[in-house]
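Data first, discussion second: the structure below is written as structure tokens.
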Protein chains: 2
Amino acid sequence: MMILGTTIKDIAKLAGVSPATVSRVLSGQTDFYSEKTAKKVQQAVKKLGYRKNTNAVELVTQKSHVLAVIISTIQTNAADQIINGIQETAIKNNLDVIILYAGEKNADLQKKALKTVIERSVMGILLVAIDLNLQNEALLKSAKIPFLFLSIGFLENRFPFISSDDFKVGQEATQYLINKGHTKIGFAAANSESNIGQLRLAGYWKALSQHHIKPKLDWAYDGEYTYEDGIQAMNYYHQHTDLTAAVASSDLAAIGMLNQAKSLGIRIPEDFAVISIDGTFLCTIMRPQITSVTQVFREMGVKGVETLVKQTSKPFKSLYTPIKITERESS
Amino acid sequence: MMILGTTIKDIAKLAGVSPATVSRVLSGQTDFYSEKTAKKVQQAVKKLGYRKNTNAVELVTQKSHVLAVIISTIQTNAADQIINGIQETAIKNNLDVIILYAGEKNADLQKKALKTVIERSVMGILLVAIDLNLQNEALLKSAKIPFLFLSIGFLENRFPFISSDDFKVGQEATQYLINKGHTKIGFAAANSESNIGQLRLAGYWKALSQHHIKPKLDWAYDGEYTYEDGIQAMNYYHQHTDLTAAVASSDLAAIGMLNQAKSLGIRIPEDFAVISIDGTFLCTIMRPQITSVTQVFREMGVKGVETLVKQTSKPFKSLYTPIKITERESS
DNA sequence: CTGTTAGCGCGTTCAG
DNA sequence: CTGAACGCGCTAACAG
């Protein structure tokens, strides 16, 4: 239920001017009205408690200042960092930000979120860690609203994105462990069905092969970034392999590995080294602190908004943000 | 920039009917049109790729199906649970949810978020862990939009809210430690300037006094729910007190205490017991796992939406959600 | 069952 | 500098 408020007509009447004049004053069009009328209008506004009707404004102007962020369920604060970057940059550009949750692998929720923002004709859409199904891809494209994927990359530039180079992520993580003297290196919670997972695995294999290491098939343990997947991976490694180190596909997965290692009496990093992918605050509050391939999530958000704002008619160029190894205590 | 799409007029023309009929078909008003016309309309829609203009709809109907959630960046672990509850319940009630970040103690950001949702005349506003300043309180009230605070309570029913009973939170946490045999009990990162902090402290003192324990002034160590505050509290306790246990005002603060204890060679729980307030997943991934006063954040979200939906003209009744002690390894 | 008319609140011509 | 008139896209009221 919407409560009808005072309109520019009401305040026009009270101020003794026309609605058009009120509109000019309120939308801050300098030099199109006299000081005197401006004051009259502002007094009337204060008295009646006017509030703008954005629906009407956007309907007539055919423009929106709203930037929509569609996000999948947050498990770590990676998304928090991205959102902080988005928010800050949006403010600089005079944009309002609305965030919609699309759940996790829930096509219906995704669709609902997409429809919501499309039907409101937002000025742009940022998709954070969203894995769209085909139908929703079509929906997104048909809307003709500028959009950009964040923290998720695509092959062959299927969609514009800003993310880490996940091949390099896998490669550098593995290279780091090799440099530490390891030769039997796993990849835990690899998520091999996703683009990201495949790219990281490819990087992992590349690094191994560069050092003439032949990975066994079960060195890559599948999973989905979760704490539980980390636990299971460590369990499996312990029972079935002689690995001495592993890359974990997320901070949370790494924590699962650490905890399970402790349960099994495996010392980290003496018996087993772990490097995680993400580098959120979780890495620093764990003991041992977790070495990570650190992604610059905040920067993804910043760059994402900037790209959308500078948007011309030509398509976006996708962009890789830098990664770095942050050495801590788990390796 | 908004791209003009096809309107009901366009599809009306193609289908050979009037815009009103198109509107009826599209808004699913059953029994107000024939099968035949419905089909004609739907074909035209498919061909032209129509998408609804929600601004126009809301402008004319004076109604919105959008529920706005304003959220602060603090407590983001808990906020996830609240949002899940909100989202799920919103879907059941055919509501769209938009989330706005209001930063942390940032009056300008708060104001911006409030204005954004107010000027869009959302059907309701849920404020999650938001501490409004006076000016923004006035803004919120003046909007005449139903609202509700979540996870934050007020004295004297100044605003409607759904939260844990923070007096009880402080009292039961303390009582738990007393039951464990402790008599020298601190309260870390107490946040004594906030309503919540004061209520919890009051509960803490009550529990102590019920057992004839006279707390020293410096047993309550101030702070703001953060990891760093937890570290500092433990440091202080170690240097200046002979406490054997403490309540931590958040899971993150508790983690800070645990880590600092480890650095100082203090064993948890043998030398020092900790119970944290919140009970998010952080408690279970730490080693030792952290005993907590567990709040039902998800339920706050569910109840919040339900309350807003059932809203009549009379004011909300505020509501306490249950708490429980979840014993783990830190005590 | 369907078309016509009117108007939601606002910004924007176009005259004055 | 200001007002009158128009229309954004849509639904609701009222006829037919």
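Not measured: the values here are computed from a predicted model. The sequence lines fix the lettering, A, B, ..., with proteins before strands; numbering per chain opens at 1.
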Closest to side chain of [X], choosing from [options]:
| X | options | answer |
| --- | --- | --- |
| B:S34 | D:dC10, C:dC1, C:dG3 | C:dC1 |
| A:L59 | D:dC8, D:dC14, D:dT11 | D:dC8 |
| B:V57 | C:dC8, D:dC14, D:dC10 | D:dC10 |
| B:V60 | D:dT11, C:dT2, D:dG3 | D:dT11 |
| B:S23 | C:dT12, D:dT11, D:dC10 | D:dT11 |
| A:V17 | D:dG3, D:dC8, D:dG9 | D:dG3 |
| A:K9 | C:dC8, C:dT2, D:dC10 | C:dC8 |

Checklist entry - Is the shortest distance from a Lys or Arg side-chain nitrogen in B:E58 or A:R120 to a carboxylate oxygen in the other one below 4.0 Å? => result yes

Checklist entry - Is it true that A:K92 and A:E306 have a side-chain N and a carboxylate O under 4.0 angstrom from each other? => result no

Whole-Å distance separating the [atom1] atom of [X] from the [atom2] atom of [N]:
| X | N | atom1 | atom2 | answer |
| --- | --- | --- | --- | --- |
| A:R24 | D:dC1 | CZ | C1' | 8 Å |
| A:E58 | C:dG9 | CD | C1' | 13 Å |
| A:K40 | D:dG3 | NZ | C1' | 13 Å |
| B:N55 | C:dG7 | CG | P | 22 Å |
| A:K52 | C:dC8 | NZ | C1' | 18 Å |
| A:K39 | D:dC1 | NZ | P | 15 Å |
| A:E35 | D:dC1 | CD | C1' | 13 Å |
| B:K13 | C:dG3 | NZ | C1' | 16 Å |

Next on the checklist: Quick check: closest heavy atoms across B:Q110 and B:D131, and the distance to 0.1 Å?
Outcome noted: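 In terms of heavy atoms, the two residues are closest at NE2-O, 2.9 Å.
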
Checklist entry - Between A:F154 and A:F159, how do the two ring planes meet: parallel, tilted or perpendicular, split at 30° and 60°? => result perpendicular

Between [X] and [N], does any side-chain N or O lie under 4.0 Å from OP1 or OP2?
| X | N | result |
| --- | --- | --- |
| B:Y50 | D:dC10 | yes |
| B:S18 | C:dT2 | no |
| A:Q62 | D:dG9 | yes |
| B:S27 | D:dC10 | no |
| A:T21 | D:dC1 | no |

Checklist entry - Would a line drawn from the ring center of B:Y320 to the ring center of B:F161 be shorter than 6.0 Å? => result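 For B:Y320 and B:F161, the ring centres are under 6.0 Å apart.
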
Checklist entry - Between the side chains of A:Q295 and A:S164, is a donor N or O closer than 3.5 angstrom to an acceptor N or O? => result yes

Checklist entry - With nearest nucleotides of DNA chain C determined for B:T61 and B:A20 from heavy-atom distances, which residue corresponds to the more 5′ nucleotide? => result B:A20

